[in-house]
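Computation of the quantities below employed the complete heavy-atom set of this structure, encompassing side-chain atoms and omitting hydrogens, waters and symmetry-equivalent molecules. Predicted, not measured: the structure shown is a model, and the values here were computed from it. Note on naming: letters A, B, ... go to the chains in the order of the sequence lines (proteins, then strands), and numbering restarts at 1 for each one.
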Number of protein chains: 2
Amino acid sequence: MASTKTGAQGGRRRPTVADVAREAGVSVATAGRALGDYGRVGDALRDQVRAAAARLGYSPNGVARSMRSGGTRTIGFVGVDISNPYFATAMRGICDVARKEGYEAILANSDDRLDIERAAVKVLLEKQIEGIVVAPNAVIDVGHLQRAQELGVPVVLLDRHSGVLDADSVVIDNEAAAREAVSHLLRLGHRRVGMLLCVDPSESPELVRRAGTGRLEVHGAARPSIDRIRGYVAAMDQYGAPTAAELIRYTVVGEAAHLEREAEALLDLPDAPTAVFAADNVATQGLFTAVRGRGLGIPDDISMVGFDDLDWTTLVDPPLTVVAQSPMDMGRIAAERLFARIKGDDSPGERIILPTELIVRSSAAGRDAVHTA
Amino acid sequence: MASTKTGAQGGRRRPTVADVAREAGVSVATAGRALGDYGRVGDALRDQVRAAAARLGYSPNGVARSMRSGGTRTIGFVGVDISNPYFATAMRGICDVARKEGYEAILANSDDRLDIERAAVKVLLEKQIEGIVVAPNAVIDVGHLQRAQELGVPVVLLDRHSGVLDADSVVIDNEAAAREAVSHLLRLGHRRVGMLLCVDPSESPELVRRAGTGRLEVHGAARPSIDRIRGYVAAMDQYGAPTAAELIRYTVVGEAAHLEREAEALLDLPDAPTAVFAADNVATQGLFTAVRGRGLGIPDDISMVGFDDLDWTTLVDPPLTVVAQSPMDMGRIAAERLFARIKGDDSPGERIILPTELIVRSSAAGRDAVHTA
DNA sequence: TTGTAGGCGTTATCAG
DNA sequence: CTGATAACGCCTACAA
């Protein structure tokens, strides 16, 4: 009896209600009632059964219970990457709500890849989860999510909205947030403003093209990255600042190295920008690093506005002006919507837009303003 | 047919193999074989069944499958707080390995509270997960983990080791890591070195006492925080630097506000330390913030060494000298051990000690060395 | 090759 | 108040 404590095989078969019943000398039905606390059971027998259960180390089998009841008290979250603080915080919000409701959450990382996301949803569905929160990779190709809904599993979108899917979504107004950030720079007198961000691989090529009007147009689905570019362009147009494709640099998610290269390319432009908007937290860090690497001073040599109010943005010198959102609330609210659906709410899908805030700190400064009409 | 797409009730009963069988005009057994790809099935019938399944939108019921097979292909992770980058990164490592093995992971946050951890383990056990990775709150009171093992569910400890439990643990050598960090400061000529950290609520009182020898003794279980204090004291003793309880300030986890107060108390000491070792990533941030708030220069006015090589420690000015560990590897290796156990490995519990590295950057500098014998 | 039947553990229904 | 029995959906002996 020295070993097999550490390993998997340790236990012989786990005791069941039947075992407890036998041990207590009653029927399975009675044992079940005594343990599950339903129906009527005599006091004496109840204690007897409880004692037997304790003696045997009985633990109810949730799988069997789910089998009968149809409910698993489990939800799923398909995020992009839990090691990104944005999703980690959202997950925390989701877990908190789930725990309050007596549910657990299964986590899957998609790395923003549609194939992985699809597979994850499929597995979750097979596991009979009762609802899914997902940060979808694609906003059009959502067949797998529709399928979930058809199966009676509610879906709530987090961070991204889909026009195709009739589901709740918890998002921010990406275009407005970007426009506010860039306007801030423009009002400070900057004219040549760059933009740096990560985009999804499937969306990257030909993101931006010149139209007949001379204005920059942005083509692509309404995803956060694309919407933020739209906000940037809108602000530039509004303030009459000249736009140029070369001022918008991006890289596909997960390639931090490329990102720094793009940032440097931006800084090395013949007519380099005097200010840059980094449109996500990865780009913010990449830009900051690149600027530092070039030995440039912020905001003296170059101004910047970042995205996401991560802790480090106030630790750094100078503290960064950023667009702040609240992933914790996002996760919480998404989960709350999900549980409302699980409980039967079948009103039409709602688009919940959480506020963002431009937190002005010290990384963006004036440019001896040469304002334009 | 306008609505009920969004809500939970959407689906009528989900189709089962029996439904598919009926639709295809074959027996359940044949349908099962065709769908599950086991046994022999005629080509014609197989296609027929597949078609019927597609028509009905059949999706296998994992709960029923688990019921029969006994396996759920699910593991659990009980971490302290997923919004802490340390645990978020560890979770990523765990998920990656799980996915490779065809498993999913359920996440639970304990907030470093034993009662929550116990409840989480209980629920996970009921859900019939096949293994648990846990960052245990207590290293002695591990009855709930022993129970898991007795039930045949392998347990792997992450970040913390328990002498009581015969389980694998994946940890770092906390005492050695702290000693190295503090020795670094001492070798730089500092004599009055402070320490700042978070400790578990249950361990906080009377952490440190004077003994007859005049040396500082550290009482408490072998948890990371306590071990790091031991390392600090060992280094101080080794270099003949005078120790004092007032130089060691801590707060319970999750109370960041108190932490900054403790940091300030340290800086305000009549005989203030010339260097401080922040022994975890929360303390590192708190210390840095407090020092900044006091307008002190690093390392000119005060030197510091932090813990955990988070991104921001290199973004900040000056870049911080830190003790680095790899939570991603920790998660990965813990999960790998867990799957080895799940597959039947029942060798005695192994203590896997991952390396740490003192990364010397610029936050600790010399003190016109007044060395001691 | 295909079909029939039984059981995994729980809970609920129905008799006694 | 207690006991026997059926059912959830899948898989697998076993029989045809």
Q.
By the definition side chain to side chain contact (heavy atoms under 4.5 Å, CB included), identify the one residue from A:Arg65, A:Lys127, A:Met67 that meets it with B:Val63.
A. A:Met67
Euclidean distance, atom [atom1] of residue [X] to atom [atom2] of [N] [Å, nearest integer]:
X: B:Arg13; N: D:dC10; atom1: CZ; atom2: C1'; answer: 14 Å
X: B:Asp37; N: D:dT12; atom1: CG; atom2: C1'; answer: 16 Å
X: B:Leu125; N: C:dG9; atom1: CG; atom2: P; answer: 16 Å
X: B:Arg33; N: C:dT2; atom1: CZ; atom2: C1'; answer: 6 Å
X: B:Tyr38; N: C:dG3; atom1: OH; atom2: C1'; answer: 13 Å

Q) A:Arg40 has a side chain; which of C:dA12, C:dT1, D:dC1 sits nearest to it? A) D:dC1
Between [X] and [Y], is any pair of side-chain heavy atoms under 4.5 Å apart?
X: A:Leu125; Y: A:Ile132; answer: yes
X: B:Val121; Y: B:Arg118; answer: no
X: A:Ile75; Y: A:Ile94; answer: yes

Q. Between B:Pro60 and A:Val26, which is nearer to the 5' end of DNA chain D once each is assigned its nearest nucleotide?
A. A:Val26
Q. Which residue lies toward the 5' end of DNA chain D, A:Leu45 or B:Gly32, if each is placed at its nearest nucleotide?
A. A:Leu45
For [N], take OP1 and OP2 only and decide whether either is under 4.0 Å from a side-chain N or O of [X].
X: B:Thr30; N: C:dT2; result: no
X: B:Tyr58; N: D:dC10; result: yes
X: A:Ser27; N: D:dT2; result: no

Q) How do A:Ser59 and B:Asp43 order along DNA chain C: which one's closest nucleotide is nearer the 5' end? A) B:Asp43
(Q) Check this for me: A:Arg99, atom CZ, are more than 12 non-hydrogen atoms of other residues, nucleotides or ligands nearer than 6.0 Å? (A) no
Q: Classify the side chain of B:Arg68 versus the base of C:dG9 as yes if they form a donor-acceptor pair under 3.5 Å and no if they do not.
A: no
Q.
At less than 3.5 Å, do the side-chain atoms of A:Arg65 and the base atoms of C:dT10 form a donor-acceptor pair?
A. no
Q: Indicate, with a heavy-atom threshold strictly under 4.0 Å, whether B:Gly42 touches base, sugar-phosphate, or nothing.
A: sugar-phosphate
